[in-house]
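A, B, ... follow the sequence lines: proteins, then strands. Residue 1 opens every chain.
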There are 2 protein chains.
Amino acid sequence: MRLTYSAEHAIITAMKVTQKDIAVRLNVSPSLVSRALTGTADVIGASEKTVKRIQEEAGRLNYHPSAAALALRGRPTGTLGLVIKDFDDPFFGHMVRELQRLAREAGYSLIMTGCDSKDSTTMDLFSLTKFGLDGLVLCGSDFLPDGLDALISTGLRVVQIGVGKKHNGVTAVCVDQARGMELLLRHLVELGHSQVGYVGDNSDPNRRRENLLATTMRKMGMTIRREWFIRSGKTGPDAGYEGMMHLIKIGHGALPTAVVMADDAFAITALRACHENGVEVPADLSIVGVDDIPFARMTIPALTTVRQPTEKLVRAAFSLIVGNGETKNRDCMVIEPELVVRESCAKPVR
Amino acid sequence: MRLTYSAEHAIITAMKVTQKDIAVRLNVSPSLVSRALTGTADVIGASEKTVKRIQEEAGRLNYHPSAAALALRGRPTGTLGLVIKDFDDPFFGHMVRELQRLAREAGYSLIMTGCDSKDSTTMDLFSLTKFGLDGLVLCGSDFLPDGLDALISTGLRVVQIGVGKKHNGVTAVCVDQARGMELLLRHLVELGHSQVGYVGDNSDPNRRRENLLATTMRKMGMTIRREWFIRSGKTGPDAGYEGMMHLIKIGHGALPTAVVMADDAFAITALRACHENGVEVPADLSIVGVDDIPFARMTIPALTTVRQPTEKLVRAAFSLIVGNGETKNRDCMVIEPELVVRESCAKPVR
DNA sequence: AATATTTCTTAAACCGCTCTAGTGAAATAA
DNA sequence: TTATTTCACTAGAGCGGTTTAAGAAATATT
């Protein structure tokens with residue numbers, strides 16, 4: 001008898017009905033009840049009428065199996081885990097949704113957790129795994145190596161989405177960022193741009209993007225102006241705004257003609273910074289984002305961006321996790337980005 | 001190495017470190033390990049150095065208690081659950097983040113799941129619950145009544161965030177929507193508006209908001225034009241856009257001077273629809289949103305909106321879940337919304 | 001009639017962990 | 001010296017299921 005105490009009155013919650021309750025009531029053994037309720041009829045080895053009797057009694061008593069017991073018993077839990085870096089970023093939100101859909105379709109349920117700061121990461125990883133997962137998807141990079149290693153050493157299937165470099169043998173799905181930068185720069189050059197800047201922050205993936213942009217520019221023979229490569233000190237939604245403000249302030253009179261923003265959230269807030277300073281996009285300045293979040297086509301002007309194909313990423317990750325045979329055990333699957341041309345980039349006037 | 005093969009899912013479940021592993025490795029009894037890892041030092045009845053030895057070994061082996069076993073044993077699992085309606089909505093994303101922060105600070109870990117469509121809801125609730133949670137936060141309304149009842153009857157502490165009406169006895173935290181509408185309308189009236197429209201969709205909370213707006217308008221003596229109350233057929237990011245397009249098309253020549261959007265996501269996309277049709281905001285039309293998502297102050301024009309104070313909502317929900325004494329067992333906590341005046345509302349020209 | 005086979009049912013171990021009730025041994029008290 | 005207390009630890013049951021090996025009863029085979 002489980003007693004639950006509530007502020008005013010002591011309330012006695014009815015004990016949860018167990019298989020044993022059914023067994024006692026029908027005067028049969030617990031194991032028979034178990035098999036009658038779970039096994040398929042022909043495999044059971046129990047008389048039809050007994051099975052029916054048990055099932056009826058289970059229904060009558062409103063019996064529901066304890067998942068804790070099931071999990072403890074080591075049966076696959078039909079549960080996939082997802083760790084997301086930042087729920088405030090719409091890009092991840094979209095990802096979550098896609099993965100959830102896929103999981104549901106395949107009969108899995110999906111549980112997830114976030115991990116804001118670096119140091120909390122390991123704990124967050126394990127906060128999921130202690131529930132007994134069938135697989136784990138990591139989304140948003142920079143997880144602590146030791147946490148990861150520990151996880152993988154348990155034999156859990158882990159797939160990482162969106163990291164550029166392979167991380168000590170973790171199976172990964174990533175977008176070919178170099179190719180994205182190439183697509184983007186080619187487009188800008190075609191429009192006539194040669195003065196290109198970048199606004200990002202200090203996070204791992206954004207610094208990586210910065211480097212990639214620079215190397216690709218160099219490869220294409222474009223000159224790089226160090227002062228046009230901004231790393232905003234802020235993080236989160238304000239980072240893009242701050243970065244662009246900074247660029248406009250220091251670049252007074254000598255702005256680049258186009259700026260690559262670390263991602264669409266950066267770009268959206270940069271649009272605002274431009275607006276506040278009378279910088280017209282795309283007339284005075286072209287802006288390009290990365291991700292193609294749902295809002296990207298709703299901004300004014302609509303955002304030209306390098307789409308990270310969410311569905312493909314998620315589908316790939318999923319197949320790596322639950323896949324059998326062919327899709328299994330690949331080190332890294334690379335997804336091609338796509339350039340989405342909208343309004344925020346145009347021919348430079350200068 | 002323990003490898004379990006399952007026919008159903010064809011997944012090899014991970015080997016987990018158990019207390020027994022630690023016990024064997026240190027040549028002590030499992031019960032001692034248990035007590036060393038859970039009990040308070042002075043209650044334990046174990047030598048300090050042994051306790052330390054055990055704790056160190058636990059850390060070294062990356063031990064994490066099995067939530068299933070804890071749940072089965074009737075112990076708190078240190079885990080809170082969160083069910084989110086739509087991860088694509090930035091408002092919820094923000095909420096997740098806040099709750100996660102709070103949970104972490106209090107030593108809980110947070111796991112969550114989404115629930116897109118109505119029929120999947122019960123399963124989703126269950127997918128979280130089955131491992132034994134210490135509390136569950138429901139966020140985003142319209143959960144199936146029977147699913148909820150079943151949940152609550154297990155004795156689990158459940159708090160619902162953001163529902164207007166109390167739902168069969170579920171503890172709830174909600175924003176005073178009527179007050180929000182009042183704030184908003186008062187502001188519009190002060191600016192000189194009398195022709196007010198609404199764009200929402202068919203979802204429960206948005207229909208409620210629609211009704212609330214109408215009754216508040218009536219209460220304030222404003223006339224309601226049925227054709228200015230739009231329910232977009234779409235859902236998701238496009239709904240606001242579609243709805244506004246529709247309003248502009250049918251209202252040709254007789255637009256309201258202000259439109260209340262169901263939420264900020266709706267408003268942002270409506271801004272785009274206006275832009276595409278040469279409707280200037282706020283010159284030709286004032287637009288007001290609800291929520292105050294991070295992007296709301298970044299749009300052009302910046303969004304005037306009724307803020308749902310995320311931190312307060314989350315903090316309230318959290319205190320109801322883990323709270324002791326005073327904050328416990330309240331049926332419904334009501335949070336006051338705040339009007340955030342930005343650029344998207346102005347005096348009407350007409 | 002005796003044995004073999006099939007059919008129905010049960011006892012018991014196990015999953016990881018908690019917790020009560022011990023068990024020795026050393027330390028203190030009588 | 002013996003009785004008592006403290007201390008550090010162990011044994012074992014139980015949470016709610018599943019599962020394997022084995023026992024009893026009914027039916028089939030020789």
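- Looking only at side-chain heavy atoms (C-beta outward), A:C332 and A:T171 stay at 4.5 Å or farther from each other.
- The OH atom of A:Y63 sits 10 Å away from the C1' atom of D:dT18 (whole-angstrom rounding).
- In this structure, the CD atom of A:Q19 is 15 Å from the P atom of C:dA11, given to the nearest Å.
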Got a list of protein N/O to nucleotides 19-23 of chain D N/O distances below 3.5 Å?
none

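- Contact of the A:L80 side chain with the A:L133 side chain is not registered, since no non-hydrogen atoms from C-beta on lie closer than 4.5 Å.
- One interatomic measurement links the two molecules: NZ of A:K130 to C1' of C:dC15, which rounds to 18 Å at whole-angstrom precision.
- Whole-Å rounding puts the A:K20 NZ to C:dT10 C1' distance at 15 Å.
- If you take CG of A:N27 and C1' of C:dT10, they are 12 Å apart, rounded to a whole angstrom.
- Distance B:L70 CG to D:dG16 P: 15 Å, rounded to the nearest Å.
- Heavy atoms from other residues, nucleotides or ligands lying under 6.0 Å from CD of A:E105 number more than 12.
- Within the 3.5 Å criterion, the main-chain N or O of A:S109 finds no donor-acceptor partner in the side chain of A:T79.
- Put simply, B:S29 has a side-chain N or O that comes within less than 4.0 Å of OP1 or OP2 on D:dT10.
- Residue A:T50 places at least one side-chain N or O closer than 4.0 Å to OP1 or OP2 of C:dT9.
- Atom-to-atom, NZ of A:K49 to P of C:dT7 comes out at 15 Å; the value is rounded to the nearest Å.
- Atom CG in B:L61 sits about 14 Å away from atom P in C:dG16, given to the nearest Å.
- Using a 4.0 Å heavy-atom criterion, one finds that A:V33 contacts no nucleic acid atom at all.
- With hydrogens and angles disregarded, a donor-acceptor distance shorter than 3.5 Å links the side chain of B:D134 to the backbone of B:T77.
- Looking only at atom types and distance, the side chain of B:S47 has a donor-acceptor partner in the side chain of B:T50 under 3.5 Å away.
- The aromatic ring centroids of A:F92 and B:F87 lie 6.0 Å or more from each other.
- Side-chain atoms of A:D89 never come within 3.5 Å of backbone atoms of A:D86 as a donor-acceptor pair (strictly under, hydrogens ignored).
- Salt-bridge annotation for A:E56 and A:R53: absent, with no side-chain N of the basic residue lying under 4.0 Å from a carboxylate O of the acidic one.
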Can you run through DNA chain D from 5' to 3' and write each base as (, ), [, ], | or . depending on how it pairs? Watson-Crick or G-U wobble, both distances under 3.5 Å. |..|||||||||||||||||||||||||||
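- Heavy-atom distances to DNA chain D give each of A:L72 and B:S47 a nearest nucleotide, and the one nearer the 5′ end belongs to B:S47.
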